[in-house]
Amino acid sequence: MELNDANLQTLTEFLRKTLDPDPTVRRPAEKFLESVEGNQNYPLFLLTLLEKCQDNVIRVCAAVTFKNYIKRNWRIVEDEPNKVSDPDRTAIKANIINLMLSSPEQIQKQLSDAISIIGREDFPQKWPDLLTEMVTRFRSGDFHIINGVLRTAHSLFKRYRHEFKSNELWSEIKLVLDTFALPLTELFKATIELCQTHATDINALKVLFSSLTLISKLFYSLNFQDLPEFFEDNMETWMTNFHGLLTLDNKLLQTDDEEEAGLLELLKSQICDNAALYAQKYDEEFQPYLPRFVTAIWNLLVSTGQEVKYDLLVSNAIQFLASVCERPHYKHLFEDQNTLTSICEKVIVPNMEFRSADEEAFEDNSEEYIRRDLEGSDIDTRRRAACDLVRGLCKFFEGPVTAIFSGYVNSMLGEYAKNPGENWKHKDAAIYLVTSLASKAQTQKHGITQANELVNLNEFFVNHILSDLKSSNVNEFPVLKADAIKYVMIFRSQLPKEQLLQAVPLLISHLQAESTVEHTYAAHALERLFTMRGSSNTTLITPAEMAPFTEQLLNNLFKALALPGSAENEYIMKAIMRSFSLLQEAIVPYIPTLIGQLTHKLLLVSKNPSKPHFNHYLFESLCLSVRITCKANPTTVSSFEEALFPVFTEILQNDVQEFLPYVFQVMSLLLEIHSNSIPSSYMALFPHLLQPVLWERTGNIPPLVRLLQAYLQKGGASIAGSAADKIPGLLGVFQKLIASKANDHQGFYLLNSIIEDMPPESITQYRKQIFILLFQRLQSSKTTKFIKSFLVFINLYCVKYGAIALQEIFDSIQPKMFGMVLEKIIIPEVQKVSGPVEKKICAVGITKVLTECPAMMDTEYTKLWTPLLQALIGLFELPEDDSIPDDEHFIDIEDAPGYQTAFSQLAFAGKKEHDPIGDAVGNPKILLAQSLHKLSTACPGRVPSMLSTSLNAEALQFLQGYLQAATVQLV
């Protein structure tokens with residue numbers, strides 16, 4: 001693409017169309033941009049637009065498109081083409097910093113993110129001058145530019161907070177500190193001085209305080225891995241100024257907005273985080289500063305109001321106290337009974353209250369409320385922080401703290417009892433307090449796993465929770481109902497089974513509640529109860545115990561999906577999946593009606609897939625419906641195909657990328673149920689599955705390979721007959737997969753199915769070419785994974801076509817090649833093969849080479865006969881060799897770059913492991929003994945003499961054992 005005005009104009013038009021709400025306009029425009037993004041100059045077009053276009057909307061759109069382009073394409077992946085040309089890479093790195101610093105803030109943020117994505121790949125090796133170029137801008141004195149640099153540095157360095165320690169990481173951080181720590185400290189001091197100079201200028205203060213917040217975030221990232229020497233030497237400067245900022249109160253910076261945190265709150269929140277980091281990780285060095293920080297943060301907590309804008313500040317301040325009170329040598333600060341009472345009264349109880357803002361979220365923003373309350377992403381809520389502080393205090397003062405809170409709980413419940421209609425929030429706080437007091441350790445899988453012995457959870461359930469669950473009006477006091485449901489869910493491992501069984505029908509009726517939070521919690525609680533294990537590894541709640549409620553459970557779950565706000569509620573869908581899985585054949589009578597509802601839902605969500613978890617559970621539920629029903633009656637598979645195929649066809653025609661891997665898996669499941677023939681509806685689709693574009697996307701590869709394997713298994717002969725022209729396409733797919741280190745094993749899966757299921761004559765003409773391709777790959781890059789797959793393949797070939805055919809095909813490529821493969825690959829590497837089926841294939845294949853290949857007995861290959869037998873006995877008797885060469889790293893499928901619908905495996909579409917040898921060979925050791933016996937009768941005397949001269953004693957002993965077990969001997 002040439003950089004000219006006409007092309008810029010075209011690009012502008014297409015970008016404008018991508019913002020169109022009408023999908024018939026938007027989709028084609030997105031497809032067009034996707035099709036041209038591989039062209040040289042494409043990213044430079046976007047940068048030109050975001051710099052020069054007059055229309056601000058287009059500038060922002062170009063910036064976002066550019067950032068996403070970088071995200072998808074910048075990383076260079078082994079075996080895959082470089083998606084950004086080298087001249088474009090150089091041009092982008094040469095211009096992007098200036099461009100970012102001179103752009104308005106909205107665009108600056110996008111470019112700053114793009115720089116950090118590029119930096120993650122290229123800094124420091126391929127972009128050594130990035131930091132120096134940024135640091136020099138500190139001297140500009142222009143805070144728009146300085147904040148741009150700080151923002152970029154923050155997005156570049158924040159990964160240090162969660163990276164694993166490694167030499168590479170440490171040397172990068174050292175380089176950053178050498179270049180960046182001193183200028184950052186100087187900038188910090190200068191900015192604080194400027195704040196004093198401009199103390200009365202609100203506009204200047206706004207810019208300076210956003211700089212201080214960014215500087216404080218950078219401080220956190222650079223100090224996270226370890227305490228750098230530079231910061232230890234300059235701790236006085238940083239801590240004194242941090243403390244000063246914590247206690248600062250500038251009236252000009254106070255905001256009237258009750259919701260949005262102001263600059264002062266954001267800065268103080270970050271300083272609380274920085275202090276907590278030092279208190280936790282570098283307590284010895286931080287000791288001199290700790291008492292004044294505790295005092296400052298305590299004063300902050302006692303004087304800060306209940307408004308939402310202070311939430312982050314209050315929760316970070318409480319988290320600081322929580323991290324301090326858990327450390328043994330700060331214990332003395334909290335020992336006094338009055339201190340504990342004061343903390344409970346002034347910090348914990350007030351921050352556990354259910355505020356009107358929480359009530360609004362509960363009613364109007366239920367999704368966010370659930371995310372925070374249920375999934376623990378409430379890290380910055382007051383309640384969560386107060387809960388953590390209770391846990392922290394209980395570490396050393398469990399008795400006194402429980403005693404103080406028991407008083408509060410009783411008085412709150414007393415207030416509620418006086419007037420439930422008015423005082424329901426008191427009961428909510430009481431339940432929250434009991435929960436935070438009782439829970440010592442928690443996991444996603446089991447809920448609370450360790451509880452405070454001083455709290456009687458059972459008694460509390462019977463006296464205070466059950467009444468809310470049993471209430472005849474499910475829509476009354478929805479917050480308390482949600483609390484009660486959550487109580488059952490998190491204490492499920494602590495409550496006795498009879499109480500859980502008592503709760504099940506009550507939870508089922510709560511699925512009909514109007515409140516989104518309430519019916520979502522009910523679905524989630526049921527789903528968690530259904531996954532609990534009882535004795536003898538079965539589910540705690542059995543299908544028989546569920547029998548009286550099955551119909552109501554299924555009805556209410558599906559009705560709940562129709563409630564406002566829950567059309568794509570992932571918790572309900574997960575509960576449907578789990579109910580199917582638990583109830584098994586009990587659901588068969590309901591499936592004819594339910595499958596219609598599931599396919600209708602699938603059709604709706606496929607128009608605009610936006611909830612990945614919901615969609616995943618929807619497909620899992622479809623798989624369960626198919627498996628359970630067809631297990632009882634395989635002929636029902638055709639009625640599922642009638643229901644599903646129209647929707648699948650639409651998904652395939654519209655190329656709904658997120659759903660294709662799922663569709664291929666469900667189709668494999670359906671096709672595998674058929675007895676040995678392929679219905680015509682599948683045959684019509686077969687050519688489309690070989691289109692290269694489908695194989696470009698990593699997420700499609702595993703399910704597509706499985707689907708092609710199902711085609712071959714059910715109808716290899718009919719493909720050879722009616723679609724022989726498609727065999728080159730099938731081999732083309734194999735050739736593409738085998739070239740990639742990430743996907744070569746998938747190529748072998750396909751190849752093994754071709755060998756096993758296609759009529760031999762249909763692939764005769766291609767066989768030699770297949771082997772040549774494999775040898776080329778062996779020469780270009782020989783990995784352990786490839787070798788293991790290669791060994792299984794050649795032995796499968798030997799089992800299928802015979803040892804002579806294997807020897808002849810190798811020797812036809814190059815004379816004596818067969819011997820080279822035995823000597824260089826099979827004998828030294830066969831120990832690496834893993835998996836019972838794979839080992840069996842190799843054992844049978846090698847046995848055939850030893851006993852059914854004349855060339856092994858009377859040519860120069862004979863010298864390899866004993867070493868090969870030794871290797872086979874090793875495969876039987878020695879532990880698997882799982883060593884991997886040092887210089888080899890495996891590329892995981894998950895490492896595929898950028899946003900691609902990574903392959904999402906459906907658990908309930910699982911495929912049984914297939915054994916191509918099956919019952920023909922029960923025990924390969926016996927087969928070896930019988931085959932050697934047969935060989936020795938054909939040429940008497942030869943086998944014993946070869947064994948006695950060169951097989952080691954231990955191997956010989958094992959072999960004697962096989963011969964005895966098979967009741968044969970060598971002659």
Side-chain angles (χ1 to χ4, degrees), residues 216 220 242-243 245-247 261-262 264-281 283 286 289-327 330-331 333-336 338-355 357-358 361 372-373 376-398 400-402 404-405 408 428-430 432-440 442 452:
S216 303
Y220 189 88
F242 279 158
H243 182 262
L245 290 167
L246 264 186
T247 50
L264 202 53
E265 287 82 49
L266 289 172
L267 174 60
K268 288 183 178 185
S269 306
Q270 186 56 50
I271 292 172
C272 287
D273 262 358
N274 295 353
L277 176 76
Y278 266 55
Q280 270 179 311
K281 295 184 89 165
D283 42 12
F286 187 57
Y289 303 95
L290 183 88
R292 66 178 103 156
F293 272 92
V294 171
T295 310
I297 287 173
W298 172 259
N299 291 335
L300 197 69
L301 280 170
V302 180
S303 61
T304 302
Q306 284 282 346
E307 292 83 353
V308 175
K309 67 175 174 184
Y310 299 124
D311 282 7
L312 181 65
L313 173 57
V314 169
S315 80
N316 282 2
I318 298 177
Q319 291 288 4
F320 167 76
L321 286 182
S323 62
V324 172
C325 75
E326 282 186 335
R327 316 289 293 180
Y330 299 145
K331 196 168 119 178
L333 294 171
F334 299 89
E335 263 166 347
D336 181 32
N338 295 334
T339 309
L340 284 176
T341 309
S342 186
I343 290 177
C344 294
E345 189 182 312
K346 293 183 176 159
V347 175
I348 292 171
V349 173
N351 286 301
M352 287 221 174
E353 283 169 16
F354 195 76
R355 299 166 304 166
D358 299 316
R372 289 210 306 238
D373 189 45
S377 67
D378 59 347
I379 225 70
D380 55 351
T381 64
R382 293 168 179 246
R383 281 192 142 183
R384 175 61 174 263
C387 198
D388 288 347
L389 180 52
V390 172
R391 255 180 229 167
L393 289 170
C394 281
K395 189 167 174 186
F396 295 120
F397 314 107
E398 188 169 58
V401 170
T402 307
I404 294 168
F405 279 137
Y408 279 110
D428 168 79
Y432 208 88
L433 250 181
V434 168
T435 306
S436 58
L437 259 185
S439 30
K440 282 183 163 179
Q442 184 169 9
N452 178 341

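Side-chain atoms are counted along with the backbone in the values below, which use heavy atoms only and exclude waters and symmetry mates.
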Distance in Å, [X] [atom1] paired with [Y] [atom2], rounded so as to fall on 0.5 Å steps:
| X | Y | atom1 | atom2 | value |
| --- | --- | --- | --- | --- |
| L290 | Y330 | CG | OH | 4.5 Å |
| I318 | N351 | CD1 | CG | 4.0 Å |
| C325 | F396 | SG | CZ | 8.5 Å |
| I404 | L433 | CD1 | CG | 11.5 Å |
| L312 | Q319 | CG | CD | 10.5 Å |
| L266 | I271 | CG | CD1 | 11.0 Å |

Can you name the residues that form a side-chain contact (heavy atoms from CB on, under 4.5 Å) with [X], not counting sequence neighbours?
| X | answer |
| --- | --- |
| D336 | N338, T339 |
| K395 | E326 |
| A429 | M412 |

*Can you name the residues that form a ring pair (Phe, Tyr, Trp, His ring centres under 6.0 Å) with Y408, not counting sequence neighbours?*
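With sequence neighbours excluded, Y408 shows a ring pair (Phe, Tyr, Trp, His ring centres under 6.0 Å) to no residue whatsoever.
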
_Which residues pass the ring pair (Phe, Tyr, Trp, His ring centres under 6.0 Å) test with F405, not counting sequence neighbours?_
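Ring pair (Phe, Tyr, Trp, His ring centres under 6.0 Å) list for F405, sorted by chain: empty.
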
Could you work out, with side-chain hydrogen bond (donor to acceptor under 3.5 Å, both in side chains) as the rule, every residue matching [X], not counting sequence neighbours?
| X | value |
| --- | --- |
| Y310 | none |
| T402 | N452 |
| R292 | none |

State, to 0.1 Å, how close [X] and [Y] come at their nearest heavy-atom pair, and which atoms those are.
| X | Y | value |
| --- | --- | --- |
| E265 | K309 | CG-O, 4.0 Å |
| A275 | F286 | O-CE2, 3.8 Å |
| C344 | P350 | O-CD, 4.1 Å |
| L340 | F334 | CG-O, 3.5 Å |

Do [X] and [Y] come close enough that some side-chain heavy atom pair is under 4.5 Å?
| X | Y | value |
| --- | --- | --- |
| C272 | L246 | yes |
| R372 | R384 | no |
| L437 | V401 | yes |

*Which residue pairs pass the side-chain hydrogen bond (donor to acceptor under 3.5 Å, both in side chains) test when at least one of the two sits in residues 269-278, sequence neighbours left out?*
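Listed by first then second residue: N223-Y278, Q270-N274.
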
*Looking only at atom types and distance, does a side-chain atom of R383 sit under 3.5 Å from a main-chain N or O of M352, one as donor and one as acceptor?*
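Looks like yes, one N/O pair under 3.5 Å.
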
_Applying salt bridge (charged side-chain N to carboxylate O under 4.0 Å, His left out), can you list everything that pairs with E345, at least two apart in sequence or on another chain?_
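Salt bridge (charged side-chain N to carboxylate O under 4.0 Å, His left out) list for E345, sorted by chain: empty.
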
_R355: which residues meet the salt bridge (charged side-chain N to carboxylate O under 4.0 Å, His left out) condition with it, sequence neighbours left out?_
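For R355, the residues satisfying salt bridge (charged side-chain N to carboxylate O under 4.0 Å, His left out) (neighbours in sequence not counted) are D311, D358.
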
In residues 293-305, what donor-acceptor pairs under 3.5 Å come from side-chain atoms, sequence neighbours left out?
{"residue": "T295", "atom": "OG1", "partner": "P291", "partner atom": "O", "Å": "2.9"}
{"residue": "N299", "atom": "ND2", "partner": "T295", "partner atom": "O", "Å": "3.3"}
{"residue": "S303", "atom": "OG", "partner": "N299", "partner atom": "O", "Å": "2.8"}
{"residue": "S303", "atom": "OG", "partner": "L300", "partner atom": "O", "Å": "3.3"}
{"residue": "T304", "atom": "OG1", "partner": "L300", "partner atom": "O", "Å": "2.4"}

